[in-house]
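Below you'll find the structure, written out as C-alpha coordinates, and then a few comments.
Hydrogens, waters and symmetry mates play no part in the numbers below; they use all other heavy atoms, side chains included. Please read these numbers as outputs of a predicted model, since none were measured by experiment.
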Amino acid sequence: MNTALVMTLPGGKTVTVPIGTAAETLAEHFGPLNSPLAAIRVSNEIEPLSARLEINAAVEPVTLESVAGTEIYRRSLAFLLAVAAEDLYPERSLVIGHSLGNSYYYTLALRDSLTANGITENGVAENDASDDGLAENGGDRRPGVTAEDIRALENRMRVLVRDNIPVGAGYIAWSEAAELFEKNSQKDTLRLLERRSGAKVRVNRAGSYVNLYFGPLVPRTGVLSVFQLMPYHEGFLLRFPGQERGLALDPFTDSPRIFEVYREYKKWGRIVGVHSAGDLNQLVATRKIRDFIRIAEAFQARKISDIASRIYDRRDEVKAVLIAGPSSSGKTTTAKRLSIELMVLGIEPIAVSLDDFYVGIDKTPRDEKGKPDFEALEALDVPLLNDLLLRLFDGGETVMPSFDFKSGRRRDTPGATLKMGRRSMLILEGIHGLNDRLTPKIERSMKFKLYISALTQLNLDDHNRIPAGDNRILRRMVRDYQFRGAGAERTLQMWPNVEKGAWKHIFTF
(Lines give C-alpha, C1' and ligand atoms only; values in the text may rest on other atoms or scores of the structure.)
Protein backbone atom coordinates (compact mmCIF):
# COMPACT_ATOMS: atom_id res chain seq x y z
CA MET A 1 0.00 0.00 0.00
CA ASN A 2 1.34 3.41 -1.02
CA THR A 3 1.92 5.56 2.07
CA ALA A 4 3.34 8.60 0.29
CA LEU A 5 1.66 11.51 -1.48
CA VAL A 6 2.92 13.67 -4.34
CA MET A 7 2.27 17.41 -3.92
CA THR A 8 2.63 19.60 -7.02
CA LEU A 9 3.78 23.12 -6.15
CA PRO A 10 3.24 26.30 -8.21
CA GLY A 11 5.61 26.13 -11.18
CA GLY A 12 5.36 22.36 -11.47
CA LYS A 13 7.90 21.23 -8.86
CA THR A 14 6.79 18.21 -6.80
CA VAL A 15 7.49 17.08 -3.26
CA THR A 16 6.70 13.74 -1.65
CA VAL A 17 5.21 13.63 1.85
CA PRO A 18 3.71 10.87 4.02
CA ILE A 19 -0.08 10.46 4.10
CA GLY A 20 -1.49 12.47 6.99
CA THR A 21 1.17 15.16 6.90
CA ALA A 22 -0.04 18.53 8.23
CA ALA A 23 -0.54 21.05 5.43
CA GLU A 24 1.62 23.62 7.23
CA THR A 25 4.73 21.50 6.61
CA LEU A 26 4.54 22.55 2.95
CA ALA A 27 5.21 26.18 3.88
CA GLU A 28 8.99 25.73 3.59
CA HIS A 29 8.57 24.66 -0.04
CA PHE A 30 6.74 27.82 -1.18
CA GLY A 31 9.76 30.10 -0.82
CA PRO A 32 9.49 33.80 0.16
CA LEU A 33 5.89 35.10 0.38
CA ASN A 34 4.64 38.68 0.21
CA SER A 35 2.64 38.27 3.45
CA PRO A 36 2.08 35.65 6.17
CA LEU A 37 0.68 32.29 5.16
CA ALA A 38 -3.01 31.98 6.13
CA ALA A 39 -4.00 28.63 4.57
CA ILE A 40 -3.16 26.28 1.72
CA ARG A 41 -5.17 25.61 -1.42
CA VAL A 42 -5.27 21.85 -1.98
CA SER A 43 -6.64 20.89 -5.42
CA ASN A 44 -8.58 24.18 -5.43
CA GLU A 45 -10.05 23.71 -1.94
CA ILE A 46 -8.75 26.04 0.74
CA GLU A 47 -7.71 24.12 3.85
CA PRO A 48 -6.40 25.31 7.24
CA LEU A 49 -2.72 24.79 7.93
CA SER A 50 -3.66 22.15 10.51
CA ALA A 51 -5.43 19.98 7.90
CA ARG A 52 -3.98 16.55 7.16
CA LEU A 53 -3.05 15.78 3.56
CA GLU A 54 -4.74 12.60 2.28
CA ILE A 55 -4.56 12.73 -1.54
CA ASN A 56 -2.12 13.60 -4.32
CA ALA A 57 -2.84 17.25 -5.08
CA ALA A 58 -1.78 20.52 -6.61
CA VAL A 59 -1.07 22.94 -3.76
CA GLU A 60 -0.46 26.67 -3.52
CA PRO A 61 -0.13 29.17 -0.67
CA VAL A 62 -2.96 31.43 0.46
CA THR A 63 -1.48 34.57 2.01
CA LEU A 64 -3.23 37.05 4.29
CA GLU A 65 -3.15 39.79 1.64
CA SER A 66 -4.91 37.69 -1.01
CA VAL A 67 -8.68 37.90 -1.48
CA ALA A 68 -9.15 34.48 0.13
CA GLY A 69 -6.68 35.42 2.86
CA THR A 70 -8.66 38.56 3.67
CA GLU A 71 -11.78 36.44 4.14
CA ILE A 72 -9.88 34.06 6.41
CA TYR A 73 -8.58 36.99 8.50
CA ARG A 74 -12.08 38.42 8.94
CA ARG A 75 -13.60 35.03 9.77
CA SER A 76 -10.80 34.43 12.28
CA LEU A 77 -11.34 37.82 13.93
CA ALA A 78 -15.04 37.02 14.33
CA PHE A 79 -14.04 33.69 15.89
CA LEU A 80 -11.59 35.47 18.23
CA LEU A 81 -14.33 37.86 19.34
CA ALA A 82 -16.64 34.90 20.02
CA VAL A 83 -13.95 33.32 22.21
CA ALA A 84 -13.52 36.58 24.14
CA ALA A 85 -17.28 36.98 24.61
CA GLU A 86 -17.61 33.41 25.89
CA ASP A 87 -14.79 34.04 28.37
CA LEU A 88 -16.24 37.31 29.68
CA TYR A 89 -20.02 36.99 29.25
CA PRO A 90 -21.06 33.30 29.29
CA GLU A 91 -24.62 34.31 30.23
CA ARG A 92 -24.99 36.49 27.14
CA SER A 93 -25.05 35.64 23.45
CA LEU A 94 -22.85 37.49 20.99
CA VAL A 95 -24.85 38.04 17.79
CA ILE A 96 -23.20 39.06 14.53
CA GLY A 97 -25.20 41.36 12.29
CA HIS A 98 -24.41 42.79 8.89
CA SER A 99 -21.27 44.27 7.41
CA LEU A 100 -20.74 48.02 7.35
CA GLY A 101 -17.78 48.89 5.18
CA ASN A 102 -14.76 47.08 6.59
CA SER A 103 -16.51 46.07 9.79
CA TYR A 104 -19.19 43.79 11.25
CA TYR A 105 -21.97 45.01 13.53
CA TYR A 106 -22.55 43.07 16.77
CA THR A 107 -24.94 43.05 19.72
CA LEU A 108 -25.05 41.14 23.00
CA ALA A 109 -28.29 39.41 24.05
CA LEU A 110 -29.37 37.59 27.20
CA ARG A 111 -29.38 33.91 26.29
CA ASP A 112 -32.29 32.98 28.55
CA SER A 113 -34.55 35.62 26.96
CA LEU A 114 -34.65 33.90 23.58
CA THR A 115 -36.59 30.87 22.45
CA ALA A 116 -35.83 28.62 19.51
CA ASN A 117 -37.65 30.77 16.96
CA GLY A 118 -36.39 34.19 18.02
CA ILE A 119 -39.46 35.06 20.12
CA THR A 120 -39.06 36.16 23.73
CA GLU A 121 -40.63 34.29 26.61
CA ASN A 122 -43.39 36.92 26.94
CA GLY A 123 -44.46 36.39 23.34
CA VAL A 124 -43.02 39.62 21.94
CA ALA A 125 -40.90 39.34 18.83
CA GLU A 126 -37.27 39.65 19.76
CA ASN A 127 -36.04 43.21 19.30
CA ASP A 128 -39.50 44.43 18.30
CA ALA A 129 -39.55 46.98 21.08
CA SER A 130 -35.96 48.05 20.68
CA ASP A 131 -33.96 47.80 17.49
CA ASP A 132 -30.79 45.75 17.91
CA GLY A 133 -30.01 45.68 21.54
CA LEU A 134 -31.72 48.07 23.95
CA ALA A 135 -35.01 47.33 25.64
CA GLU A 136 -37.34 50.32 25.93
CA ASN A 137 -37.29 52.35 29.17
CA GLY A 138 -34.09 50.67 30.31
CA GLY A 139 -35.62 47.21 30.64
CA ASP A 140 -33.32 44.24 31.15
CA ARG A 141 -34.74 41.94 28.44
CA ARG A 142 -31.76 42.72 26.18
CA PRO A 143 -29.28 44.96 27.98
CA GLY A 144 -27.33 47.22 25.66
CA VAL A 145 -23.60 47.02 25.14
CA THR A 146 -21.80 49.53 27.34
CA ALA A 147 -18.50 51.25 26.63
CA GLU A 148 -17.04 49.19 29.48
CA ASP A 149 -18.24 45.96 27.79
CA ILE A 150 -16.57 46.96 24.54
CA ARG A 151 -13.28 47.86 26.22
CA ALA A 152 -13.32 44.57 28.13
CA LEU A 153 -13.94 42.58 24.94
CA GLU A 154 -11.15 44.32 23.04
CA ASN A 155 -8.72 43.92 25.94
CA ARG A 156 -9.57 40.22 26.17
CA MET A 157 -9.04 39.79 22.43
CA ARG A 158 -5.62 41.44 22.70
CA VAL A 159 -4.66 39.12 25.54
CA LEU A 160 -5.63 36.15 23.35
CA VAL A 161 -3.53 37.60 20.52
CA ARG A 162 -0.59 38.10 22.88
CA ASP A 163 -0.87 34.50 24.13
CA ASN A 164 -0.72 33.26 20.52
CA ILE A 165 -3.14 30.38 21.11
CA PRO A 166 -3.21 27.62 18.46
CA VAL A 167 -6.35 27.53 16.30
CA GLY A 168 -7.15 24.28 14.59
CA ALA A 169 -9.81 22.34 12.74
CA GLY A 170 -10.85 18.79 13.53
CA TYR A 171 -13.76 16.41 13.95
CA ILE A 172 -15.91 15.44 16.91
CA ALA A 173 -18.84 13.06 17.19
CA TRP A 174 -22.26 14.42 16.18
CA SER A 175 -23.67 13.60 19.62
CA GLU A 176 -20.77 15.36 21.33
CA ALA A 177 -21.27 18.46 19.19
CA ALA A 178 -25.00 18.52 19.88
CA GLU A 179 -24.41 18.22 23.63
CA LEU A 180 -21.78 20.97 23.53
CA PHE A 181 -23.89 23.48 21.60
CA GLU A 182 -26.91 22.74 23.80
CA LYS A 183 -24.82 23.33 26.93
CA ASN A 184 -23.48 26.62 25.56
CA SER A 185 -26.98 27.81 24.49
CA GLN A 186 -25.83 28.05 20.84
CA LYS A 187 -29.36 27.43 19.58
CA ASP A 188 -28.76 28.63 16.01
CA THR A 189 -25.72 26.37 15.68
CA LEU A 190 -27.66 23.45 17.13
CA ARG A 191 -30.47 23.95 14.59
CA LEU A 192 -27.90 23.76 11.79
CA LEU A 193 -26.55 20.56 13.28
CA GLU A 194 -30.02 18.99 13.36
CA ARG A 195 -30.06 18.94 9.52
CA ARG A 196 -26.72 17.16 9.24
CA SER A 197 -26.72 13.38 9.10
CA GLY A 198 -23.00 12.57 9.35
CA ALA A 199 -21.63 10.68 12.33
CA LYS A 200 -18.90 13.28 12.78
CA VAL A 201 -18.89 17.06 12.64
CA ARG A 202 -16.04 19.32 11.56
CA VAL A 203 -15.30 22.10 14.02
CA ASN A 204 -12.86 24.95 14.63
CA ARG A 205 -11.28 25.01 18.07
CA ALA A 206 -9.18 27.41 20.16
CA GLY A 207 -8.50 26.22 23.68
CA SER A 208 -11.82 24.99 25.11
CA TYR A 209 -13.95 27.03 22.70
CA VAL A 210 -15.51 25.09 19.80
CA ASN A 211 -17.72 26.18 16.92
CA LEU A 212 -18.89 24.64 13.65
CA TYR A 213 -16.42 24.76 10.77
CA PHE A 214 -17.57 27.20 8.09
CA GLY A 215 -14.14 27.72 6.58
CA PRO A 216 -10.44 27.77 7.51
CA LEU A 217 -9.08 30.08 10.19
CA VAL A 218 -5.56 31.41 10.80
CA PRO A 219 -3.26 28.92 12.56
CA ARG A 220 -2.67 31.00 15.71
CA THR A 221 -4.35 33.96 17.41
CA GLY A 222 -1.09 35.92 17.32
CA VAL A 223 -1.67 36.65 13.63
CA LEU A 224 -4.79 38.70 14.43
CA SER A 225 -3.11 41.84 15.74
CA VAL A 226 -4.89 44.42 13.57
CA PHE A 227 -8.50 45.19 14.57
CA GLN A 228 -10.59 47.62 16.58
CA LEU A 229 -13.86 47.54 18.50
CA MET A 230 -15.86 50.76 18.49
CA PRO A 231 -19.32 51.67 19.84
CA TYR A 232 -22.01 52.00 17.18
CA HIS A 233 -25.71 52.60 17.82
CA GLU A 234 -26.90 50.05 20.41
CA GLY A 235 -24.07 47.62 19.64
CA PHE A 236 -20.52 47.86 18.39
CA LEU A 237 -18.39 47.37 15.30
CA LEU A 238 -15.56 44.90 14.81
CA ARG A 239 -13.28 46.77 12.39
CA PHE A 240 -10.73 44.97 10.21
CA PRO A 241 -8.34 45.73 7.32
CA GLY A 242 -9.84 46.31 3.88
CA GLN A 243 -9.28 44.02 0.94
CA GLU A 244 -5.87 44.43 -0.68
CA ARG A 245 -4.97 46.98 2.02
CA GLY A 246 -2.45 44.85 3.89
CA LEU A 247 -2.67 44.68 7.67
CA ALA A 248 -3.80 48.26 8.24
CA LEU A 249 -7.09 49.85 9.28
CA ASP A 250 -8.52 52.57 7.07
CA PRO A 251 -10.33 55.53 8.67
CA PHE A 252 -13.91 54.68 9.54
CA THR A 253 -16.52 55.90 7.04
CA ASP A 254 -20.09 55.80 8.28
CA SER A 255 -22.98 54.64 6.07
CA PRO A 256 -26.08 55.51 8.15
CA ARG A 257 -28.61 54.89 5.39
CA ILE A 258 -27.24 51.43 4.64
CA PHE A 259 -27.25 50.67 8.37
CA GLU A 260 -30.91 51.67 8.69
CA VAL A 261 -31.90 49.45 5.78
CA TYR A 262 -30.06 46.48 7.28
CA ARG A 263 -31.57 47.11 10.68
CA GLU A 264 -35.07 47.25 9.22
CA TYR A 265 -34.58 43.91 7.47
CA LYS A 266 -33.04 42.32 10.56
CA LYS A 267 -36.04 43.45 12.59
CA TRP A 268 -38.43 42.11 9.96
CA GLY A 269 -36.63 38.77 9.98
CA ARG A 270 -37.04 38.47 13.73
CA ILE A 271 -40.70 39.43 13.59
CA VAL A 272 -41.39 36.50 11.26
CA GLY A 273 -39.11 34.28 13.36
CA VAL A 274 -36.36 33.79 10.76
CA HIS A 275 -32.91 35.23 11.32
CA SER A 276 -30.66 32.24 10.73
CA ALA A 277 -30.24 29.42 8.22
CA GLY A 278 -31.41 26.97 10.88
CA ASP A 279 -34.72 28.83 11.17
CA LEU A 280 -35.15 28.61 7.40
CA ASN A 281 -34.34 24.89 7.43
CA GLN A 282 -37.01 24.39 10.06
CA LEU A 283 -39.63 26.10 7.86
CA VAL A 284 -38.70 23.81 4.99
CA ALA A 285 -38.87 20.71 7.19
CA THR A 286 -42.30 21.67 8.56
CA ARG A 287 -43.62 22.60 5.10
CA LYS A 288 -44.19 26.26 6.05
CA ILE A 289 -41.72 27.74 3.59
CA ARG A 290 -44.38 28.77 1.06
CA ASP A 291 -46.06 30.98 3.64
CA PHE A 292 -42.72 32.60 4.42
CA ILE A 293 -42.08 33.23 0.71
CA ARG A 294 -45.50 34.84 0.35
CA ILE A 295 -44.82 37.10 3.33
CA ALA A 296 -41.43 38.08 1.89
CA GLU A 297 -42.99 38.82 -1.50
CA ALA A 298 -45.72 40.92 0.13
CA PHE A 299 -43.12 42.87 2.10
CA GLN A 300 -41.14 43.57 -1.06
CA ALA A 301 -44.27 44.55 -2.98
CA ARG A 302 -45.18 47.02 -0.25
CA LYS A 303 -41.73 48.60 -0.46
CA ILE A 304 -41.96 48.99 -4.22
CA SER A 305 -45.45 50.45 -3.89
CA ASP A 306 -44.13 53.05 -1.43
CA ILE A 307 -41.35 53.98 -3.85
CA ALA A 308 -43.86 54.33 -6.70
CA SER A 309 -45.90 56.72 -4.55
CA ARG A 310 -42.83 58.88 -3.91
CA ILE A 311 -42.14 59.01 -7.65
CA TYR A 312 -45.77 59.89 -8.32
CA ASP A 313 -45.52 62.83 -5.94
CA ARG A 314 -42.79 64.25 -8.22
CA ARG A 315 -44.45 63.28 -11.50
CA ASP A 316 -44.46 66.85 -12.83
CA GLU A 317 -40.66 67.10 -12.77
CA VAL A 318 -39.25 63.55 -12.88
CA LYS A 319 -38.67 62.20 -16.38
CA ALA A 320 -36.40 59.25 -15.62
CA VAL A 321 -36.04 56.74 -12.80
CA LEU A 322 -32.47 55.43 -12.56
CA ILE A 323 -32.14 52.05 -10.81
CA ALA A 324 -28.65 51.06 -9.70
CA GLY A 325 -27.19 48.20 -7.74
CA PRO A 326 -24.37 45.64 -7.85
CA SER A 327 -24.42 42.74 -10.26
CA SER A 328 -27.39 40.36 -9.88
CA SER A 329 -29.06 42.43 -7.19
CA GLY A 330 -32.42 42.33 -8.97
CA LYS A 331 -32.34 45.55 -11.00
CA THR A 332 -34.32 44.20 -13.96
CA THR A 333 -36.93 42.49 -11.80
CA THR A 334 -37.34 45.62 -9.69
CA ALA A 335 -37.69 47.76 -12.79
CA LYS A 336 -40.50 45.53 -14.03
CA ARG A 337 -42.33 45.50 -10.70
CA LEU A 338 -41.91 49.23 -10.24
CA SER A 339 -43.31 49.77 -13.73
CA ILE A 340 -46.48 47.88 -12.77
CA GLU A 341 -46.91 49.99 -9.62
CA LEU A 342 -46.44 53.18 -11.63
CA MET A 343 -49.05 52.04 -14.15
CA VAL A 344 -51.51 51.59 -11.27
CA LEU A 345 -50.93 55.28 -10.49
CA GLY A 346 -51.54 56.33 -14.10
CA ILE A 347 -47.92 56.69 -15.19
CA GLU A 348 -46.74 55.08 -18.44
CA PRO A 349 -43.31 53.53 -17.77
CA ILE A 350 -40.89 53.02 -20.64
CA ALA A 351 -38.02 50.60 -19.93
CA VAL A 352 -34.54 51.49 -21.17
CA SER A 353 -31.73 49.01 -20.46
CA LEU A 354 -28.28 50.54 -20.11
CA ASP A 355 -26.89 47.16 -21.24
CA ASP A 356 -27.91 48.09 -24.78
CA PHE A 357 -25.53 51.07 -24.70
CA TYR A 358 -22.33 49.04 -24.39
CA VAL A 359 -19.77 50.21 -26.93
CA GLY A 360 -18.69 46.66 -27.75
CA ILE A 361 -15.73 44.52 -26.80
CA ASP A 362 -13.40 46.24 -29.30
CA LYS A 363 -13.96 49.71 -27.80
CA THR A 364 -14.24 48.69 -24.13
CA PRO A 365 -11.41 50.09 -21.98
CA ARG A 366 -8.88 47.65 -20.55
CA ASP A 367 -8.10 47.08 -16.88
CA GLU A 368 -4.62 46.90 -15.35
CA LYS A 369 -4.32 43.29 -16.60
CA GLY A 370 -5.21 44.24 -20.16
CA LYS A 371 -8.64 42.60 -20.05
CA PRO A 372 -11.90 44.33 -21.09
CA ASP A 373 -13.32 46.30 -18.14
CA PHE A 374 -17.07 45.94 -18.71
CA GLU A 375 -17.77 47.56 -15.32
CA ALA A 376 -16.23 50.92 -16.32
CA LEU A 377 -18.53 53.81 -17.22
CA GLU A 378 -16.50 54.24 -20.41
CA ALA A 379 -17.77 50.82 -21.53
CA LEU A 380 -21.09 52.60 -22.21
CA ASP A 381 -21.83 55.02 -25.03
CA VAL A 382 -22.67 57.92 -22.69
CA PRO A 383 -22.96 60.63 -25.40
CA LEU A 384 -25.43 58.51 -27.40
CA LEU A 385 -27.50 57.80 -24.28
CA ASN A 386 -27.76 61.48 -23.36
CA ASP A 387 -28.62 62.56 -26.89
CA LEU A 388 -31.42 60.00 -27.08
CA LEU A 389 -32.77 60.97 -23.65
CA LEU A 390 -32.89 64.67 -24.52
CA ARG A 391 -34.68 63.89 -27.77
CA LEU A 392 -37.27 61.85 -25.90
CA PHE A 393 -37.76 64.55 -23.24
CA ASP A 394 -38.36 67.08 -26.02
CA GLY A 395 -41.17 64.93 -27.40
CA GLY A 396 -39.21 63.45 -30.27
CA GLU A 397 -39.11 59.87 -31.51
CA THR A 398 -35.91 57.83 -31.30
CA VAL A 399 -34.62 54.33 -32.02
CA MET A 400 -32.79 52.51 -29.24
CA PRO A 401 -29.62 50.47 -29.87
CA SER A 402 -29.56 46.72 -29.18
CA PHE A 403 -26.58 44.82 -27.77
CA ASP A 404 -25.80 41.12 -28.25
CA PHE A 405 -23.90 39.74 -25.24
CA LYS A 406 -23.05 36.45 -26.92
CA SER A 407 -21.09 38.20 -29.69
CA GLY A 408 -20.00 41.12 -27.52
CA ARG A 409 -21.14 43.66 -30.15
CA ARG A 410 -24.03 45.96 -30.94
CA ARG A 411 -26.57 44.39 -33.25
CA ASP A 412 -26.95 45.76 -36.78
CA THR A 413 -30.72 45.61 -36.42
CA PRO A 414 -32.10 48.55 -34.40
CA GLY A 415 -33.91 48.17 -31.10
CA ALA A 416 -37.29 49.55 -30.09
CA THR A 417 -38.63 52.84 -31.34
CA LEU A 418 -39.61 55.06 -28.41
CA LYS A 419 -41.62 58.24 -27.97
CA MET A 420 -42.72 59.76 -24.65
CA GLY A 421 -46.25 60.94 -23.99
CA ARG A 422 -47.59 63.32 -21.36
CA ARG A 423 -47.74 60.58 -18.72
CA SER A 424 -44.58 58.74 -19.78
CA MET A 425 -41.55 58.15 -17.56
CA LEU A 426 -38.34 56.35 -18.47
CA ILE A 427 -37.06 53.49 -16.30
CA LEU A 428 -33.30 52.99 -16.70
CA GLU A 429 -31.48 50.22 -14.87
CA GLY A 430 -27.76 49.54 -14.71
CA ILE A 431 -24.81 49.65 -12.34
CA HIS A 432 -24.01 53.32 -13.07
CA GLY A 433 -27.47 54.74 -12.35
CA LEU A 434 -26.31 56.74 -9.30
CA ASN A 435 -23.36 58.33 -11.11
CA ASP A 436 -24.21 61.77 -12.52
CA ARG A 437 -21.51 61.26 -15.17
CA LEU A 438 -23.89 58.77 -16.77
CA THR A 439 -26.46 61.51 -17.47
CA PRO A 440 -24.49 64.80 -17.38
CA LYS A 441 -26.88 66.55 -19.79
CA ILE A 442 -29.97 65.76 -17.72
CA GLU A 443 -30.99 68.13 -14.94
CA ARG A 444 -30.89 66.57 -11.48
CA SER A 445 -34.51 67.48 -10.74
CA MET A 446 -35.58 65.32 -13.70
CA LYS A 447 -34.00 62.17 -12.19
CA PHE A 448 -35.22 59.88 -9.40
CA LYS A 449 -32.41 57.59 -8.20
CA LEU A 450 -33.05 54.19 -6.63
CA TYR A 451 -30.38 51.89 -5.18
CA ILE A 452 -31.13 48.20 -4.59
CA SER A 453 -29.19 45.14 -3.49
CA ALA A 454 -29.88 41.51 -2.64
CA LEU A 455 -29.38 41.94 1.10
CA THR A 456 -30.14 39.17 3.56
CA GLN A 457 -31.06 39.26 7.23
CA LEU A 458 -29.99 35.63 7.57
CA ASN A 459 -26.99 34.42 9.55
CA LEU A 460 -25.61 30.89 9.51
CA ASP A 461 -25.66 31.10 13.30
CA ASP A 462 -25.03 33.74 15.97
CA HIS A 463 -21.34 34.08 15.06
CA ASN A 464 -21.25 33.48 11.30
CA ARG A 465 -22.95 35.63 8.69
CA ILE A 466 -23.99 35.04 5.10
CA PRO A 467 -22.36 37.68 2.87
CA ALA A 468 -24.75 39.39 0.46
CA GLY A 469 -22.21 38.73 -2.28
CA ASP A 470 -22.75 34.98 -1.90
CA ASN A 471 -26.40 35.43 -2.85
CA ARG A 472 -25.53 37.59 -5.83
CA ILE A 473 -22.91 35.28 -7.32
CA LEU A 474 -25.41 32.39 -7.27
CA ARG A 475 -27.98 34.58 -9.01
CA ARG A 476 -25.37 35.69 -11.53
CA MET A 477 -24.40 32.08 -12.34
CA VAL A 478 -28.00 31.26 -13.20
CA ARG A 479 -28.51 34.41 -15.28
CA ASP A 480 -25.22 34.07 -17.21
CA TYR A 481 -26.01 30.45 -18.07
CA GLN A 482 -29.60 31.09 -19.12
CA PHE A 483 -29.26 34.37 -20.99
CA ARG A 484 -25.61 35.16 -21.75
CA GLY A 485 -24.16 31.87 -22.91
CA ALA A 486 -21.63 31.63 -20.06
CA GLY A 487 -21.07 28.68 -17.76
CA ALA A 488 -20.48 28.81 -14.01
CA GLU A 489 -16.70 28.66 -14.42
CA ARG A 490 -16.75 31.80 -16.58
CA THR A 491 -18.89 33.60 -14.00
CA LEU A 492 -16.50 32.68 -11.20
CA GLN A 493 -13.53 33.89 -13.26
CA MET A 494 -15.20 37.25 -13.87
CA TRP A 495 -16.53 37.74 -10.34
CA PRO A 496 -13.43 39.37 -8.73
CA ASN A 497 -13.51 42.11 -11.39
CA VAL A 498 -17.28 42.45 -11.01
CA GLU A 499 -16.92 43.04 -7.27
CA LYS A 500 -14.00 45.40 -7.77
CA GLY A 501 -16.13 47.34 -10.23
CA ALA A 502 -18.96 47.52 -7.69
CA TRP A 503 -16.72 49.19 -5.13
CA LYS A 504 -15.34 51.58 -7.72
CA HIS A 505 -18.47 52.45 -9.70
CA ILE A 506 -21.46 51.85 -7.39
CA PHE A 507 -20.82 51.93 -3.65
CA THR A 508 -18.91 55.25 -3.79
CA PHE A 509 -22.12 56.93 -4.95
Exercise. Are the side chains of H463 and L94 in touch, meaning some heavy atoms are under 4.5 Å apart?
Worked result: yes
Exercise. Strictly under 6.0 Å, is that where the ring centroids of F79 and Y209 end up?
Worked result: yes
Exercise. Should we count CZ of R490 as having more than 12 external heavy atoms under 6.0 Å?
Worked result: no
For this session: Return yes when atom CZ of R423 has more than 12 non-hydrogen atoms of other residues, nucleotides or ligands closer than 6.0 Å, and no otherwise.
Result: no
Exercise. Does a side-chain heavy-atom distance below 4.5 Å link L212 with R196?
Worked result: yes
Exercise. More than 12 non-hydrogen atoms from neighbouring residues, nucleotides or ligands closer than 6.0 Å to CD on E194, yes or no?
Worked result: yes
Problem set entry | Minimum side-chain heavy-atom gap L460-R465 below 4.5 Å | no
Exercise. More than 12 heavy atoms of other residues, nucleotides or ligands under 6.0 Å from CZ of F252: is that the case?
Worked result: yes
For this session: Would you tell me whether D462 and S93 have side-chain atoms, one donor and one acceptor, within less than 3.5 Å of each other?
Result: yes
For this session: Taking the six-membered ring for Trp and the single ring otherwise, decide whether the centroids of Y106 and Y232 are under 6.0 Å apart.
Result: no
For this session: Determine whether V382 and N386 make a side-chain contact, defined as any pair of heavy atoms from C-beta on separated by less than 4.5 Å.
Result: yes
For this session: Verify whether one side chain among R476 and T491 offers a donor that lies under 3.5 Å from an acceptor in the other.
Result: no
Problem set entry | Intermediate values then yes/no, salt bridge (Lys or Arg N to Asp or Glu O under 4.0 Å), D436 and R444 | CA-CA 8 Å; D436 281 329; R444 177 165 293 190; 2.4 Å; yes
Exercise. Is the charged tip of R92 near the ring of Y89: under 6.0 Å from the six-membered ring centre and within 45° of its axis?
Worked result: yes
For this session: Answer yes or no: does atom CD of E397 have more than 12 heavy-atom neighbours from other residues, nucleotides or ligands under 6.0 Å?
Result: yes
Exercise. Does R302 make a cation-pi contact with F299, if we ask for NZ or CZ under 6.0 Å from the ring centre and within 45° of the axis?
Worked result: no
Exercise. Can the ring centroids of F403 and F357 be said to lie less than 6.0 angstrom from one another?
Worked result: no
Exercise. Mind checking what makes ring pair (Phe, Tyr, Trp, His ring centres under 6.0 Å) contact with W495, not counting sequence neighbours?
Worked result: none
For this session: Can you tell me which residue pairs pass the ring-ring contact (aromatic ring centres under 6.0 Å, His included) test with a partner in residues 416-439, sequence neighbours excluded?
Result: H432-H505
Exercise. Just wondering, are more than 12 heavy atoms of other shown residues or ligands nearer than 6.0 Å to CD in Q482?
Worked result: yes
Exercise. With sequence neighbours left out, what residues match D291 under side chain to side chain contact (heavy atoms under 4.5 Å, CB included)?
Worked result: R294
Exercise. Would you say R314 has more than 12 foreign heavy atoms packed within less than 6.0 Å of its CZ?
Worked result: yes
Exercise. Are more than 12 heavy atoms from other residues, nucleotides or ligands located less than 6.0 Å from atom CD of E148?
Worked result: no
